[in-house]
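What follows is a set of notes on a single structure, which appears directly below.
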Amino acid sequence: VFVPLPKDIIENVIGWRDRLIEIGFKSSDPLFPATTRKFNERNLFDEKLQSDWIKSDTTIRNIFKACFVNAGFEYLKPHSFRKTIARYAQTQSPEFLNAVRQNLGHSSIDTTLSSYGQLSELDQRRVITDLRTCFNK
């Protein structure tokens with residue numbers, strides 16, 4: 001399930017998925033598949049998409065980095081997106097937090113909160129100060 005994203009990003013991802021389906025991928029295949037790179041029989045470099053998952057974290061990080069740099073953005077690690085949605089979920093309803101937990105593949109809400117929900121010292125102070133303000137009304 002997509003978290004709320006700008007329309008152009010969603011359209012690009014859906015367009016990519018549609019392209020994969022056009023060339024024979026199934027909806028259960030990875031959205032960002034592995035590739036094979038080798039020289040073909042005419043000694044030309046050939047790159048093909050596979051219906052397998054990318055298995056190397058390093059490969060995924062390198063792809064992310066190249067995409068960010070080519071788009072003129074500062075590089076963000078892939079896990080940053082998981083952290084962002086989990087931290088946002090903490091500020092929403094318990095139902096939303098539970099939905100994000102499930103979407104991240106965590107069996108326990110404790111995993112979501114302990115892995116991604118750590119508050120900065122500034123946020124800790126803000127939350128505690130806000131609580132103190134409620135009691136003083």
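Just so you know, these numbers come straight off a predicted model, no measurement behind them.
The closest side-chain heavy-atom distance from Arg61 to Lys65 is not below 4.5 Å. Counting only heavy atoms from C-beta outward, the side chains of Leu97 and Leu113 approach each other to under 4.5 Å. Proximity of Glu74 to Phe68: side-chain heavy atoms (C-beta onward) are nowhere separated by under 4.5 Å. Residues Pro33 and Leu20 meet the side-chain proximity criterion, which asks for heavy atoms closer than 4.5 Å. Contact annotation: the side chain of Phe64 never approaches that of Leu76 to less than 4.5 Å [non-hydrogen atoms, C-beta and beyond]. Between Asn98 and Thr112 there is no side-chain heavy-atom pair separated by less than 4.5 Å. Considering only heavy atoms from C-beta on, Arg82 comes within 4.5 Å of Leu104 through its side chain. Looking only at side-chain heavy atoms (C-beta outward), Leu49 and Phe25 come within less than 4.5 Å of each other.
For the atom pair Lys83 NZ and Ser115 OG, the distance stands at 9.5 Å (nearest 0.5 Å). With rounding to the nearest 0.5 Å, the separation of CG in Asp18 from CD1 in Ile23 is 12.0 Å. A distance of 8.5 Å separates CZ in Arg17 from OG in Ser27, rounded to the nearest 0.5 Å. Separating the OG1 atom in Thr36 from the NZ atom in Lys48 is a distance of 7.0 Å, to the nearest 0.5 Å. For the atom pair CD (Gln50) and CG (Asp29), the distance works out to 11.0 Å, reported to the nearest 0.5 Å.
The main-chain N or O of Lys77 is found under 3.5 Å from a side-chain atom of Ser80 such that the two form a donor-acceptor pair. With hydrogens and angles disregarded, a donor-acceptor distance shorter than 3.5 Å links the side chain of Trp16 to the backbone of Leu31. Listed for the Asn70 side chain is a donor-acceptor partner under 3.5 Å among the backbone atoms of Ala66.
The minimum heavy-atom distance linking Leu119 with Gln90 is given by the pair CD2-NE2, 3.4 Å. Listed here is the closest heavy atom pair of Pro30 and Ser51: CD-O, 3.6 Å.
The number of heavy atoms from other shown groups lying within 6.0 Å of CD (Glu47) is above 12. Annotation for Phe96: atom CZ counts as buried by contact number, over 12 foreign heavy atoms lying within 6.0 Å. Remark: Glu22 CD is packed, more than 12 non-hydrogen atoms of other residues, nucleotides or ligands lying under 6.0 Å away. Sparse packing is recorded around CZ of Phe73, with 12 or fewer heavy atoms of other residues, nucleotides or ligands lying under 6.0 Å away.
Cluster membership check: Ile60 shares its hydrophobic cluster with Phe81, using side-chain heavy-atom separations under 4.5 Å among Ile, Leu, Val, Met, Phe, Trp and Tyr. Ile14 is connected to Ile9 through a chain of hydrophobic side-chain contacts under 4.5 Å among Ile, Leu, Val, Met, Phe, Trp and Tyr, so both are in one cluster.
With respect to Arg126 and Asp123, a salt bridge is recorded, a charged nitrogen being found less than 4.0 Å from a carboxylate O.
No side-chain N or O of Tyr116 forms a donor-acceptor pair with one of Arg87 less than 3.5 Å apart.
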